[in-house]
Enquirer: 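Submitted below is the structure of interest, expressed as structure tokens.
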Amino acid sequence: MLEGLNSPQRQAVSHPGGPLLVIAGAGSGKTRVLTTRIAWLIRECGVAPESILAFTFTNKAAREMRQRVDQMVPEAQGRCWIGTFHSTGVRILRSEGHRLGYDRFFTIYDADDSRALLKKIVQDLELDTKQYSPRQLGSEISGHKNHFRSPEQVMATSITPRDQKVAEVYAEYGRRLRENGAMDFDDLIAKTVELFEDHREVQERYSQRFEHVLVDEFQDTNPLQLVMVRALSARHGNLCAVGDDDQSIYSWRGATVENMLGFEEYFPGSTLVRLEQNYRSTSLILEAANAVIAHNRRRKGKTLWSDRSGGAPIELWWAEDEHEEGRKIRDRIGRLLAETDARRRDIVVLYRTNAQSRAVEDALRRESIPYQIVGGTRFYERREVRDLLAYLKCVQNPADSVSFARILNVPKRGIGKTSASRFFELAQRMGTVSDALSDRGRLLSSCGKAAAGRLAAFGQLLQSLRRLAENADAAAVLRQVIEATKYENYLREDDPTTADDRLENVYELVNAAEEFSVESDEPGLGPFLESVALLAEVDKMSDETDQVTLMTVHNAKGLEFPYVFIAGCEEGLLPHASSLEDDDQLEEERRLFYVALTRAEEAVFLTASAMRRRFGSSEPAAASRFVGEIPEELVAEMGGLAFGSRFQAPRSLGERRWNSISTSAPAKRPRRSRDQGVSADALADAQAFLRSRARSKARARKEVADHGFEDHDLTQEELCYRVGARVEHELLGEGVIEEIEGVGDLLRLTVSFGERGRKRILARYARLRLLDTEAGAQ
DNA sequence: GTCATTGGGATTTTT
DNA sequence: TCCCAATGAC
Ligand SMILES: Nc1ncnc2c1ncn2[C@@H]1O[C@H](COP(=O)(O)OP(=O)(O)OP(=O)(O)O)[C@@H](O)[C@H]1O
């Protein structure tokens, strides 16, 4: 079993017991060690499979781990508990949640449901929805939960009046979730922890049961999850955690590397194992990744090497806009497929934001290159899908008022705002929604004749669906919902232009339910809703079909591909504009880039675009500083004809910016007009510009309008351009510069070519030659 | 109660 | 650019 493993890997796999932390860089076999250790424990140490609990980051990772363990130790046969924190929480709460007053199949609220509930609360508490947006509140409350802070604690430590209000909302939110018999995502872990605290005997039982607890991707666990891990491993103290602090990319979700760095403190007497050999990537890729991540200050350095010497240089492609970027990616993919033995499934296109997938998709589609997209507008977030799921949740859980409110008048059944709010008042007085629905008399007196009739009819619909659900499987209930509500007609009438798409989604949901009903040994509504709620995007990723994969860097965590494209290597995108002001956030962006690079086995292709469409208008972009942090000799700048080498290489621009940014802040200085020359510390303006862009789009626009780019950092070549200078163009011949806008890659010149007319061109692509340099130079 | 129009906000990342 | 929520006319 230890065959093929290196020495520290073996040490970790065969570690006898007690807390073990494996810290190691990307591709060093952490996951493999964890998997093998599970098999080792069963086979060599005689540990019963059901006494093993392993946490993975996604259900997909769990599935793969389970498969591999089963391969190595057939007798394990899926008897180990391997799953995400959330699915493990659900599993425990399903059998123990009654102690906290929850039904076996409590409803799981997704982010949308939570927001709907928060919105209601904000309205009921008469707070300003601008200042307390459900979205913002949701993430604040989630943060509190993930840091293991109760509403009372938040209240006690609140400073501003707003903090207090947030604490109030938090407390009320918890009460209403409970009233609705529902938990949000965070509760799946928080309530498990609560269960263990309030019922020590339950905690004792579970921690007795799990002789060994293992955690993958430990750097992205949050304090709440740490509490859960500690509770579960308390009895035997056999915890094996693996992680890489340089790959921590979920701090915005409450994750903290402190869990790893403070391991010895939380689990005294722990053993530390480091893995230093990478088996995934060429050494060129590793060298690049190591160089980039070395720029992070807040890290414990580590060694990572590969004996896969050499490797193809990292290609850097420039495009004028995201469409061209998409085409270049597609063309390069086409060449890979034609010229190497790469299959489509060997290729992934990674990006920072989901919105970037669009341009790549368009390009791939035009050449009919099959692709799958992971994430983005999620299937289960589509309105029609959510409507139908809300019906199912409502059928399953009569107390779920959020789902009820969603479907009360969908499809339209003549119960408008007024009737609805009258009804909810009545329901509040009577205790539950379903009681109110079946009380004809009170309905009549509260809501009037017409509405009362409609409400009662709706109540009967729900009742009949509930009766059906007692015996039928999820698919049957779903089909009945669609039929009874004439949902297909509703979609067709509601908006004929989108009806086809939406109907397709409806059928896909039916399909999913049917598949579930056939495959699952518990085909009922409750288990189906549970599986839907826990499904992550990568879980649905197909490994079978041969297609190119598109996804965010976050989703690519833990995966590997021979060929990796990283699109949008631009300031403001990667690093993202919202992370530029804060060092910690900036370092997380760098880790993100590191994660992206280290997914690759054979080759990396970076692309960036000079212009990027955002909110419908094109905005300029500059090279990502991270690209500049890769040693120059590892990068091959591509682009052919359009990219004049006489002009400043864009990646150097990124480098320059970064270098200057890390020096002390430049003093304010007088503005100068562009043809007077350049200021030495124009960088500050560039930064300020990016910052302001992050702050407010409108303000940023104004800033551009007010003083354009004239004060930004200029390159050597740009220095030489000035209005009135004479230049020569390869095709157009001689001309005179009339106007200069932009900076760096985006430097645009308006040049008058006499009879050939006036052209506005990007300097980088134009291949201009200055004719009278002394006139242009300072 | 329903439908159309308008205006404002959104894109950072997700279990 | 697109999507939603709020507003107002019928
Ligand atoms: N001793 C080994 N010999 C050969 N290949 C190995 C060895 N250990 C790991 N590998 C391979 O290296 C690759 C990376 O392994 P694995 O995914 O376990 O690394 P990881 O540390 O979890 O990576 P990441 O941190 O990027 O998630 C896998 O393809 C794995 O099969």
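Predicted, not measured: the structure shown is a model, and the values here were computed from it. Per chain, numbering begins at 1; letters A, B, ... match sequence-line order.
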Enquirer: Using OP1 and OP2 only, check whether a side-chain N or O of A:T418 sits under 4.0 Å from B:dG1.
Expert: yes
Enquirer: Does a side-chain N or O from A:N59 land closer than 4.0 Å to OP1 or OP2 of B:dT15, or not?
Expert: no
Enquirer: Using the benzene-type ring in the case of Trp, are the ring centres of A:F404 and A:F423 under 6.0 Å apart?
Expert: yes
Enquirer: Please pick, from C:dC4, B:dT11, B:dT14, the nucleotide with the shortest atom-to-atom distance to any side-chain atom of A:R383.
Expert: C:dC4
Enquirer: Hey, is the side chain of A:T552 poking within less than 4.0 Å of OP1 or OP2 on B:dT14, counting only N and O atoms?
Expert: yes
Enquirer: Could you tell me whether A:R135 contacts a base, only the sugar-phosphate backbone, or nothing, with contacts defined as non-hydrogen atoms closer than 4.0 Å?
Expert: sugar-phosphate
Enquirer: Just the rounded figure in Å: distance from P of B:dG1 to CZ of A:R454.
Expert: 7 Å
Enquirer: With the sugar-phosphate defined as primed atoms, P, OP1 and OP2, and the base as all remaining atoms, what B/S/- string results for nucleotides 5-10 of chain C, 5' to 3', for protein heavy atoms under 4.0 Å?
Expert: --B---
Enquirer: Can you measure A:E217 atom CD to B:dT13 atom P for me and round it to whole angstrom units?
Expert: 20 Å
Enquirer: Let me know the distance between CD1 of A:I189 and P of B:dT15, rounded to the nearest Å.
Expert: 12 Å
Enquirer: At under 4.0 Å, does any side-chain N or O of A:T58 touch on OP1 or OP2 of B:dT15?
Expert: no
Enquirer: How many Å lie between CG on A:D362 and P on C:dT1, as a whole number?
Expert: 12 Å
Enquirer: So, A:Y132 versus A:R162: side-chain donor-acceptor pair below 3.5 Å or not?
Expert: no
Enquirer: Taking atom types as modelled, is there a side-chain donor on A:Y109 or A:D187 under 3.5 Å from an acceptor on the other?
Expert: no
Enquirer: I need the CZ-P distance between A:R115 and B:dA10, as an integer number of Å.
Expert: 12 Å
Enquirer: May I ask you to say what A:N409 touches in the nucleic acid, namely base, sugar-phosphate or nothing, with a heavy-atom cut-off under 4.0 Å?
Expert: sugar-phosphate
Enquirer: Run the salt bridge (Lys or Arg N to Asp or Glu O under 4.0 Å) test against A:K393 and tell me which residues pass, sequence neighbours left out.
Expert: A:D113
Enquirer: Picking from C:dC2, B:dT14, B:dT15, which would you name as closest to the side chain of A:F185?
Expert: B:dT15
Enquirer: Ring of A:F57 versus six-membered ring of B:dT15: centres under 5.5 Å and planes under 30°?
Expert: no
Enquirer: From the set B:dT11, B:dT15, B:dT14, return the single nucleotide nearest to any side-chain atom of A:N354.
Expert: B:dT14
Enquirer: Checking all strands, does A:S419 fall into the base, sugar-phosphate, or nothing category for heavy-atom contacts under 4.0 angstrom?
Expert: sugar-phosphate
Enquirer: Please tell me whether A:Y173 and A:Y170 form a close aromatic pair, meaning their ring centres lie under 6.0 Å apart.
Expert: no
Enquirer: Under 4.0 Å between any heavy atoms, over every strand shown, what does A:Y250 touch: base, sugar-phosphate, or nothing? Just pick one.
Expert: sugar-phosphate
Enquirer: What is the ring orientation for A:W252 with A:Y250, classed by angle as parallel under 30°, tilted 30 to 60°, or perpendicular over 60°?
Expert: tilted
Enquirer: According to ring pair (Phe, Tyr, Trp, His ring centres under 6.0 Å), does anything in residues 564-600 of chain A pair up with another residue at least two apart or in another chain? List the pairs.
Expert: A:F565-A:F605, A:F593-A:F626
Enquirer: Please determine, for the side chain of A:K412, which listed nucleotide (B:dT14, B:dT13, B:dC3) has the closest atom?
Expert: B:dC3
Enquirer: What's the OH-C1' distance between A:Y109 and B:dT15, to the nearest Å?
Expert: 19 Å
Enquirer: With a cut-off of 6.0 Å (strictly less than), are more than 12 heavy atoms of other residues, nucleotides or ligands near CD of A:Q136?
Expert: yes
